[in-house]
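The basis for the numbers below is simple: all heavy atoms, side chains too, and nothing from hydrogens, waters or symmetry mates. Nothing fancy with the numbering, it's 1 onward along the sequence. From a predicted model like this one, the values you see are computed outputs, not experimental measurements.
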Amino acid sequence: MDISEDELFKALSDRTRRLIIDELLERDQQSLFEVCTRLISLHDVGISRQGISRHLQVLENVGVIEVRWQGNTKIHSLNTTPLSGLSKGWLSKFEVED
């Protein structure tokens, strides 16, 4: 999968998507129900289940989320490889030396 930095930055520009990444970083391998529950209860996100599903799909399209099926349930896992790639590209120009 060859995702451009522009596509990745666009996906990361949404606050809800960044919250999803934070939640999967804290607790990986979650179903849509679990992601929705955590976003609503911990972050007071007022969005429908379908809306959160669309955000998950955007993150999956850029490779930040990987999906596997467990029976009839889609399990979402964080893939940090595309994110770490940002620090080696454009963002590396802004590294602060200690």
Side-chain angles (χ1 to χ4, degrees):
M1 176 186 300
D2 191 24
I3 300 297
S4 73
E5 282 184 351
D6 289 343
E7 291 171 298
L8 190 52
F9 276 118
K10 184 176 180 181
L12 298 175
S13 69
D14 187 276
R15 178 182 179 268
T16 301
R17 293 184 199 130
R18 291 191 308 271
L19 288 173
I20 290 170
I21 291 170
D22 289 344
E23 286 304 320
L24 289 174
L25 188 59
E26 186 172 317
R27 185 174 166 273
D28 205 19
Q29 300 188 13
Q30 295 186 48
S31 68
L32 173 60
F33 176 79
E34 292 169 313
V35 172
C36 290
T37 301
R38 291 178 68 87
L39 289 178
I40 292 167
S41 65
L42 299 175
H43 303 285
D44 199 29
V45 172
I47 189 170
S48 69
R49 191 177 107 178
Q50 292 82 4
I52 292 172
S53 181
R54 284 191 290 273
H55 284 299
L56 287 165
Q57 185 63 54
V58 169
L59 292 171
E60 183 181 349
N61 290 345
V62 296
V64 174
I65 288 181
E66 295 177 342
V67 172
R68 70 174 171 80
W69 286 92
Q70 186 174 322
N72 292 334
T73 304
K74 230 177 165 179
I75 303 297
H76 304 87
S77 298
L78 186 61
N79 175 19
T80 59
T81 302
L83 300 173
S84 63
L86 289 177
S87 66
K88 296 174 186 152
W90 181 76
L91 286 178
S92 65
K93 299 174 185 177
F94 301 101
E95 287 182 5
V96 178
E97 294 185 26
D98 294 330

| So how far is it from N61 CG to Q57 CD, rounded to the nearest 0.5 Å? | 4.5 Å
| So, do Q29 and Q70 sit near enough that their side-chain heavy atoms are less than 4.5 Å apart? | no
| message | Within a 6.0 Å radius of atom CZ on R49, are there more than 12 heavy atoms belonging to other residues, nucleotides or ligands? | response | no
| task | Considering non-hydrogen atoms only, spot the tightest contact between G63 and P82 and give its length. | result | O-CG, 3.4 Å
| request: Look at the side-chain heavy atoms of Ile, Leu, Val, Met, Phe, Trp and Tyr, link any pair under 4.5 Å apart, and say whether L56 and I75 land in one connected group. | output: no
| said: Using a 3.5 Å distance criterion without hydrogens, assess whether the side chain of N79 forms a donor-acceptor pair with backbone atoms of E66. | reply: no
| query | Hey, which of L24, L78, I20 is the one that makes side-chain contact (heavy atoms from CB on, under 4.5 Å) with Q30? | reply | L24
Sequence neighbours excluded and cut-off under 3.5 Å, please list the side-chain donor-acceptor pairs for residues 39-47, or say none.
{"unit_1": "S41", "atom_1": "OG", "unit_2": "T37", "atom_2": "O", "d": "2.7"}
{"unit_1": "H43", "atom_1": "NE2", "unit_2": "E23", "atom_2": "OE2", "d": "2.6"}

| said: Hydrophobic clusters here meaning ILVMFWY residues chained together by side-chain heavy-atom distances under 4.5 Å, can you tell me if I52 and L25 are in one? | reply: yes
| note | Residue set satisfying side-chain hydrogen bond (donor to acceptor under 3.5 Å, both in side chains) with S31, at least two apart, ordered chain then number -> E34
| S48 side chain vs G51 backbone, donor-acceptor pair below 3.5 Å | yes
| Should V35 and F33 be counted in the same cluster of Ile, Leu, Val, Met, Phe, Trp and Tyr side chains packed under 4.5 Å apart? | no
| query | Are L19 and V62 linked, directly or through other ILVMFWY residues, by side chains that come within less than 4.5 angstrom of each other? | reply | yes
Contacts under 3.5 angstrom, residues 8-16 side chains, donor-acceptor by atom type, not counting sequence neighbours:
{"unit_1": "S13", "atom_1": "OG", "unit_2": "K10", "atom_2": "O", "d": "2.6"}
{"unit_1": "D14", "atom_1": "OD1", "unit_2": "T16", "atom_2": "N", "d": "2.8"}
{"unit_1": "D14", "atom_1": "OD1", "unit_2": "R17", "atom_2": "N", "d": "3.3"}

| Just how far is it from atom CZ of R68 to atom OG1 of T73, taken to the nearest 0.5 Å? | 10.0 Å
| Minimum heavy-atom distance between H76 and D28, given as atom pair plus value | O-OD1, 4.0 Å
